[in-house]
Every structure is written in structure tokens, then in C-alpha cells.
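Below: one structure, written as C-alpha cells.
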Amino acid sequence: MLFWLVCFISWLGLDLYLGQKQAKKQAPKRTYPKRKGTIDFICSGPEFFRQFFLDIRNARKRIYCLFYIIRDDRITGEFFHLLKKKARSGVDVCLLMDWQGSSKIKKHHLNSLKQAGVRVGCSRKPRLPYFFFSLQQRNHRKITVIDSNIAYLGGFNMGLEYMGESDNPNLSPWRDYHLRLLGPSAIDLESEFIADWNEENQPYLQPHEQAEDHGSGIEHLIVPSGSGNLEEKLIGLVRSAKRSIFIGTPYFVPSALVFNELISALARGVHVTVLIPKHEDHPFVQEAARPFLKELMRFPTARIQSFTNGFYHAKIIIFDEEVCDIGTANFDARSQRINFECNCFIYGKDFIKQIRPFIEKDLCDSETLGAADLSVHSIGGKAKTKAAYLLRDFL
């Protein structure tokens, strides 16, 4: 029995190592130019779904939607109803969902969508030869593009908990950040959707008209990532930070390379503020974060805040109050090295000043953590922390 257990663990390790190595080698290097356009910042579920559904109702040509999680609940029912109605009216509607994250959608719902003319596809199905690694490599993007002109990108998935109606009272209200973009970068996000769709679904989608940048609005850049290139991007930005870094994330479990760069930033006097949720929506994530947070606290310029007003699911990093990163990626190794993500890097102090009041509100709705808050004394707690650290790349 011990022999077979050793063989199984060895196979898992080899599968993960070789799978990640191959994925990094084969990862597409799609790049987009800096754009200018209108960016609306959305930080509440009711506001997001109200505007999102309105834009779907007003669609005239096409609707492309990609979500990591789609629940089987009332808000999803309304979403499906709108998609079917638009498809029956002649709008080209494509819905892409992650194979694992949206696995609970019942088959009869999918059949109903298809019968109405909605094209439905799954992303990132497990595959050989590296089955276990491919099972970990999720499409964590949340992208919607409407009529090649309006695009959505951020942390909201499709489900009632994102409306603040979770069965767990600790997860309500739900705090998230999402972007609504108008202008040429919608075509860039549409290209990402099409690439994800064409990887596993047919008939293939063809790209549409090229974007025209009229030179007005907020300067920003769409950055897709997968298999490690987000890690490289973050290392460069942390390394160039001179004064401050703000990190808002539900999961603070960074890769070793990103974390080492963060420690180097603290050592040279950069002020680092980390905002995380007090309550967790997945097991082990707080235990996995604890060693990293304790290490940060060795530096006087580090500040750790724990969000207490519901659940904090936002994904944001601000460098020197000049560059703002908002998108789908958490500040964890899974997002930085394994998952497929998509972020928007926004350049300019004006946008950051615009959203600063919302960030300050979230900081006010949090408590400052000290070293004592991260200490673990029980044997069970120490064992759980150790296990979480070993599993940190896959939480």
C-alpha cells in the first residue's frame, strides 16, 4: 500500500511539474496596445447587475459572455432569460463558462439556451497527458463584450452571492470591483473571448472590425495572462514602485518570486497596504496567507487590514498612486502562475483619485491586524497552517 501511495504522489508531482512547464512554453503571447476610452468603476452587486442586464437588453448585434462561475439560481435564471430573448431576436449570443467553475448548471438549462439559439461552450476541460495539471488550470476570466463597443471585466461572477444574497451571512454584503469599458479596448477583450472560445468550441468565431482609437478618455491596457506571464508583469511593477503599493485581494497567497519582490520593496522603504477579508469563502486560504502576512509585519511600512463588512472579493493593486491594476486575478500563486486571467492596467492619477473614496470606505470598514492576530497556538491550528502552506499553489 505504501509503495502505491508513493507512486501516486510521485505521479501527481511529475504531472504538475511537466504540465506547468509545457503550459508556460505553449502559452499564447497576445499583446494589445495602450488605449483610451471611458471606464466606469462598479463596486456593488446590485449596481453591476442592473447596468449589465440593461446593456444586454440594448444589444443589437452580438453578446459574448465568459464567466468562471455561473450558479443555478434566480439571478442566473434572469440572465439566461435575457440571453434567450436576444438570441431569438437575431442577436448573435455566445456563452462560455469554465468547465469546473460552472459545473453545477443543469443540463436542461443548457439545452434550453441552445434551443433558443444561444451558442454555449465550456472552457478548460481536463486533458491528457497532464490530466491533474489541466484540472488545476482554470479559466478564471469574467469577460463580456456587447456589440464590440461595451465590455465588462472584473471580479463579479453570475450568482446570488454577488448580489449580497449568500446563504452564509458572513459573506454578505459582497464587495467586489468591476469595470465597464466603452471604446476600442472592447475589441481587445472580444479578441480574448474569441481565442478562449476557439480553443475548444465550434463553429469557430471570427474576429470583427479593428478598433479605432480616437485619443480621448482614460489611458489603459488590457493584459491577458496564463501560465506565468502575470507573475512576470507583477514582478516588474513591484520592482519599479518607489513610494506605495496597495493590494486588495480575497486571497493573499503570492508566488515565491512575487512575494520576494514585495519584501524587497518593503526593505527599501515602500509602504505596502494589504486589504483582505476577515471571513473566508474557501477553506485553508486564511491559513495559507498567515505566514506571508507575518513576514510582511516585520517591516514598519507594512499595514494589514481585515475587511469586516461582509466579504471582500475585489482584485486591485495600485502602484505609487499612478498605475492601477483591476481585473480577474487574485494576489495568489494560482492566478499568477496557473489560471487564465485578464486584467486592465489603468494609467493616470485622475482615475485613481476617482476610485480612492471607495477604497478608503473599504479600509474604514476593516480592522488593523497585528502580529498577535496571526499567531496560532493550538496543535490543530498549526497543522492546518502547515497543510495550507503545502497546498498554497492550488487553493
Within the side chain of Arg71, is there an N or O that forms a donor-acceptor pair under 3.5 Å with the backbone of Lys104?
-> no

Can you measure from CG (Asp147) to CG (Asp55) and round to the nearest 0.5 angstrom?
-> 9.5 Å

Salt bridge or not for Lys61 and Asp92, using N-O below 4.0 Å?
-> no

Thr301 side chain to Val270 main-chain N or O, any donor-acceptor pair under 3.5 Å?
-> yes

Backbone N or O of Gly226 within a donor-acceptor pair of the Asn229 side chain at under 3.5 Å?
-> yes

Residues Asp196 and Asn139: side-chain donor-acceptor under 3.5 angstrom = yes

Is there a donor-acceptor contact under 3.5 Å from the side chain of Ser112 to the main chain of His108?
-> no

Could you tell me whether a side-chain N or O of Lys86 sits under 3.5 Å from a main-chain N or O of Arg57, the two making a donor and an acceptor?
-> yes

Output the distance between atom CD1 (Ile222) and atom SG (Cys344), rounded to the nearest 0.5 Å.
-> 4.0 Å

Point-to-point distance, once rounded to the nearest 0.5 Å, from NE2 of His140 to CD1 of Ile69 | 6.5 Å

Taking it one step at a time, do Ile218 and Thr38 satisfy side-chain contact (heavy atoms from CB on, under 4.5 Å)?
-> CA-CA 6 Å; Ile218 300 169; Thr38 301; over 6 Å; no

Identify the heavy atoms of Ile318 and Cys324 that sit nearest to each other, and give their distance.
-> CG1-SG, 4.1 Å

Are Arg290 and Glu295 ion-paired here, with the side-chain N under 4.0 Å from a carboxylate O?
-> no

Take Glu360 and Arg356 through the test salt bridge (charged side-chain N to carboxylate O under 4.0 Å, His left out) and record every step on the way to the result.
-> CA-CA 6 Å; Glu360 293 302 322; Arg356 251 301 160 187; 2.8 Å; yes

Which distance, rounded to the nearest 0.5 Å, do you find between the CG of Leu181 and the OG1 of Thr144?
-> 11.5 Å

If we only count heavy atoms from C-beta on, is the Arg175 to Cys43 side-chain gap below 4.5 Å?
-> yes

Do Val258 and Ile235 come within less than 4.5 Å of each other through their side chains, counting heavy atoms only?
-> yes

Go through the side-chain N and O atoms of Arg124 and Gln100 and say whether any donor and acceptor fall under 3.5 Å apart.
-> no

Hey, does Arg243 have a side-chain heavy atom less than 4.5 Å from the side chain of Glu322?
-> yes

Is the shortest heavy-atom distance from the side chain of Leu262 to the side chain of Val272 under 4.5 Å?
-> yes

Could you give the distance from CG (Asn260) to OG (Ser255), rounded to the nearest 0.5 Å?
-> 8.5 Å

In terms of heavy-atom contacts, Pro250 and Asn330 come closest through CG-OD1, 3.3 Å

Does the pair Tyr251 and Phe331 meet the rule for a ring-ring contact (aromatic ring centres under 6.0 Å, His included), with working shown?
-> CA-CA 6 Å; Tyr251 318 120; Phe331 201 79; over 10 Å; no

Any sub-3.5 Å donor-acceptor pair from Ser123's side-chain atoms to Met97's backbone N or O?
-> no

Quick one: do the Ser166 and Glu161 side chains pair a donor with an acceptor below 3.5 Å?
-> no

Donor on one side chain, acceptor on other, Ser225 and Glu341, under 3.5 Å = no

When hydrophobic residues are tied together by side-chain contacts of less than 4.5 Å, even through go-betweens, does Leu18 share a cluster with Ile338?
-> yes

Single-linkage hydrophobic cluster, 4.5 Å side-chain cutoff, Ile352 and Leu153 together = yes

Non-hydrogen side-chain atoms of Ser306 and Ser366 separated by less than 4.5 Å = no

Candidates Phe358, Phe48, Tyr162, Phe41 - the one meeting ring pair (Phe, Tyr, Trp, His ring centres under 6.0 Å) with Tyr177 | Phe41

Taking side chain as C-beta onward, heavy atoms only, is Pro224 less than 4.5 Å from Tyr32?
-> yes

Do the side chains of Phe345 and Ile143 join up, straight or via other hydrophobic residues, at under 4.5 Å, putting them in one cluster?
-> no

Evaluate the criterion side-chain hydrogen bond (donor to acceptor under 3.5 Å, both in side chains) for residue pair Ser172 and Glu165; output intermediate values, then yes/no.
-> CA-CA 6 Å; Ser172 292; Glu165 299 181 31; over 6 Å; no

Under the side-chain contact (heavy atoms from CB on, under 4.5 Å) rule, what do Leu363 and Leu275 come out as? Steps first, then yes or no, please.
-> CA-CA 7 Å; Leu363 288 170; Leu275 178 59; 4.3 Å; yes

Would a 4.5 Å heavy-atom cut-off, applied to side chains only, mark Lys315 and Thr249 as touching?
-> no

Given the rule in the side-chain contact (heavy atoms from CB on, under 4.5 Å) test, do Cys94 and Leu205 qualify, once you have shown the distances and angles that lead to the verdict?
-> CA-CA 10 Å; Cys94 293; Leu205 295 174; 3.9 Å; yes

Does the pair Glu190 and Ser148 meet the rule for a side-chain hydrogen bond (donor to acceptor under 3.5 Å, both in side chains), with working shown?
-> CA-CA 7 Å; Glu190 186 172 87; Ser148 302; 2.9 Å; yes

Residue pair Ala116 / Ala87: nearest heavy atoms and the distance that separates them | O-CB, 3.4 Å

Find out if a path of hydrophobic residues (ILVMFWY) with successive side-chain heavy-atom gaps under 4.5 Å connects Val145 to Ile326.
-> yes

Joint hydrophobic cluster, Ile245 plus Phe292, side-chain heavy atoms closer than 4.5 Å = yes

Can you tell me how far CG of Leu179 sits from CD1 of Ile39, rounded to the nearest 0.5 angstrom?
-> 6.0 Å

Cation-pi geometry met for Lys36 and Tyr347 (6.0 Å, 45°) | no

Verify, without hydrogens or angle tests, whether Asp332 (side chain) and Val253 (backbone) share a donor-acceptor contact under 3.5 angstrom.
-> no

Audit row: Asp72, His109, side-chain hydrogen bond (donor to acceptor under 3.5 Å, both in side chains) steps and yes/no = CA-CA 9 Å; Asp72 189 2; His109 289 312; 3.2 Å; yes

Quick check: does any side chain N or O of Trp197 sit under 3.5 Å from a backbone N or O of Pro203, one acting as donor and the other as acceptor?
-> yes

Ring pair (Phe, Tyr, Trp, His ring centres under 6.0 Å) test vs Trp174 passes for just one of Phe49, Tyr312, Phe307, Phe311, namely Phe311

Determine whether Asp98 and Phe67 make a side-chain contact, defined as any pair of heavy atoms from C-beta on separated by less than 4.5 Å.
-> no

Paired with Phe193, the ring pair (Phe, Tyr, Trp, His ring centres under 6.0 Å) test is passed by just one of Tyr64, Phe340, Tyr152, namely Tyr64

Under 3.5 Å: donor-acceptor pair, side chain of Ser102, backbone of Tyr68 | yes

Could Glu192 and Arg30 be called an ion pair, given the rule that one side-chain N must be under 4.0 Å from one carboxylate O?
-> yes

Neighbour count >12 (heavy atoms, 6.0 Å) for atom CG, Asn168 = yes

Donor-acceptor side-chain pairing of Ser191 and Asp188 below 3.5 angstrom = no

Is the number of heavy atoms from other residues, nucleotides or ligands within 6.0 Å of NZ (Lys278) greater than 12?
-> no

Taking Arg138 for the side chain and Leu135 for the main chain, is one N or O donor matched with an acceptor at less than 3.5 Å?
-> yes

